[in-house]
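A short worksheet on the structure shown next.
Residue numbers run from 1 in the order of the sequence given. Read the numbers this way: they start at 1 and go in the same order the structure lists the ligands and their atoms. Being a predicted model, the structure only gives us computed values, none of them experimental.
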Amino acid sequence: MSYKLFIPGPIAVSEKTLRAMAQPMIGHRSPDFVALYQSLQPDLQTLASTKDPVYLSTSSAWGVMEGSLRNVVKKKVLNCMNGAFSDKWYDVSLRCGKAATALKFEWGQPVDPEAVRRELATGAYDAITLIHNETSCGCMSDLPALMAVIRQFPEVISIVDTVSSFSAMPIKKDELGIDVLITGSQKALALPPGLALLSVSKRALDRAATMADRGYYFDFVEFQKNHEAGMTPSTPTISLIYALKSKLEDIKAEGIDNRHARHARLNQQVRDFIFSKGFKLFPKEGYGSVTLNCFANTQNIDLSALNKILKSKHHLVIDGGYGKLKGKTFRISNMGDETDATIASLLQSLESALAETPKLAS
Ligand SMILES: *Cc1c(COP(=O)(O)O)cnc(C)c1O
């Protein structure tokens, strides 16, 4: 049975994108590959609002999230935590043998710029990790406000995960002073999983060059050296790079501003509808994500029953809560290729399925 994903990653992939992947292989050291790689750069740089190169990593986002730590953290990293992915990033810092501090906020609360300022002011840090859009709880921190604080600490290299927000809203890498911008393929970009993108500042590259134990596969210096030749360090996922090219054409055809506006509009449509059913947003007011909504299960409905109905009768799937929020929240993605029509159809299905969903005994 085929069904459509409205979970926040992986998300539904268009037929056009899938067809783009079904192209013949080319050698990854061939002039054809160099032409393909180089043709992507201007559009990727526009999307990231950067003059720095955008490297292509054959890995999921975690590959470069871990790799970034190994490339830039010499002294100590401040890991800002407000959800499952950012919590994990602290754990990964420790597993990489890095000195790290956990700056913790409740899931659903944004990262507080003043708390970041207080920590960085101790002078203990040379790097910070931040997740712009915490997909696990639908909480979007105020990236411009956070970067305004971080920019005041020139020794601190900023590593920012935009896995579920990249291309869905403006993220001005150079203007904000983001050193390492990371995204993955299967969320906001609506590609199949397996590719990560990262854009690295000169500062971060210079730091990397001084690091003794940065490894090979995610070495920034290797990425840069190969980038200069229009290539990747090792054999990349060429099929996904074809898909990325196709997606960049789609984005250009729609127009970036229109794409941003579409995400904001569809996000609000889902929000208004679910609010009308008596639910509330889980994250703090004013910090809800634009690419997904995470709702608190304030009506105490049986979310697994809801998903069963949605899947069997409406051929779609939403998310019933991440990790410790399972059953307590539900998440609906509006990222990628959704349109007014697909969201209208989703809401119609939800209308019908919610009417049939039992409440849990409290
Ligand atoms: C999904 C996600 C990740 C992890 O991505 P993988 O592709 O599983 O490595 C990291 N950060 C955020 C914000 C995510 O949504």
Side-chain angles (χ1 to χ4, degrees), residues 5-13 48 55-70 77 79-93 95-96 105 107-111 128-143 146 158-169 171 173 178 180-199 217-218 236-237 240 243-244 247 263 267 282-283 287-294 317-326 329-336:
L5 297 179
F6 282 95
I7 59 173
I11 67 161
V13 174
Y55 309 138
L56 307 182
S57 170
T58 295
S59 65
S60 80
W62 271 117
V64 291
M65 289 164 76
E66 172 171 332
S68 297
L69 298 168
R70 292 165 57 196
V77 59
N79 296 120
C80 303
M81 300 153 70
N82 65 336
F85 294 104
S86 46
D87 283 7
K88 182 85 190 166
W89 218 347
Y90 171 65
D91 178 41
V92 172
S93 297
R95 291 190 195 200
C96 289
F105 304 91
W107 284 26
Q109 297 297 308
V111 176
I128 183 170
T129 67
L130 266 183
I131 291 194
H132 176 214
N133 192 53
E134 241 303 350
T135 320
S136 60
C137 54
C139 184
M140 202 160 70
S141 290
D142 183 347
L143 192 55
L146 287 161
S158 52
I159 310 170
V160 180
D161 165 327
T162 63
V163 170
S164 58
S165 53
F166 185 78
S167 85
M169 61 183 293
I171 298 172
K173 176 178 171 294
I178 297 169
V180 182
L181 183 82
I182 292 170
T183 195
S185 54
Q186 80 276 21
K187 306 251 173 100
L189 284 171
L191 303 174
L195 183 68
L197 311 180
L198 80 161
S199 183
Y217 195 75
F218 298 111
T237 174
L240 280 172
L244 175 61
K247 178 52 62 188
H263 279 83
N267 183 264
F282 176 78
Y287 295 91
S289 164
V290 298
T291 58
L292 69 136
N293 281 295
C294 180
V317 187
I318 64 167
D319 173 83
Y322 193 105
K324 68 185 182 188
L325 296 180
K326 191 172 163 64
T329 63
F330 56 105
R331 300 179 302 161
I332 302 176
S333 166
N334 61 276
M335 61 184 95

Exercise. Can you tell me if N293 uses its side chain to pair, donor with acceptor, with the backbone of N267 under 3.5 Å?
Worked result: yes
Problem set entry | Positive for side chain to side chain contact (heavy atoms under 4.5 Å, CB included) with C80, one of T129, L146, I128 | I128
For this session: Examine distances only and state if a side-chain atom of T162 and a backbone atom of I182 form a donor-acceptor pair shorter than 3.5 Å.
Result: yes
Exercise. Is the backbone N or O of M65 less than 3.5 Å from a side-chain atom of W89, with the two atoms forming a donor-acceptor pair by type?
Worked result: yes
Exercise. Using a 4.0 angstrom limit on heavy atoms, which residues are close to ligand 1?
Worked result: S60, A61, W62, M65, F85, I131, N133, T135, D161, V163, Q186, K187
May I have the list of side-chain donor-acceptor pairs in residues 130-143 shorter than 3.5 Å, sequence neighbours left out?
from, atom 1, to, atom 2, distance (Å)
H132, ND1, S165, OG, 2.8
N133, OD1, S289, OG, 3.0
N133, ND2, S164, O, 3.3
N133, ND2, S164, OG, 2.8
N133, ND2, S289, OG, 3.2
N133, ND2, T291, OG1, 3.2
E134, OE1, S136, N, 3.4
E134, OE1, S136, OG, 2.7
E134, OE2, F85, N, 3.0
E134, OE2, S86, N, 2.6
E134, OE2, S86, OG, 2.7
T135, OG1, N133, O, 3.4
T135, OG1, S164, OG, 2.7
S136, OG, A84, N, 2.9
S141, OG, V111, N, 2.9
D142, OD1, A145, N, 3.2

Problem set entry | Main-chain N/O of D87 paired with N79 side-chain donor or acceptor, under 3.5 Å | no
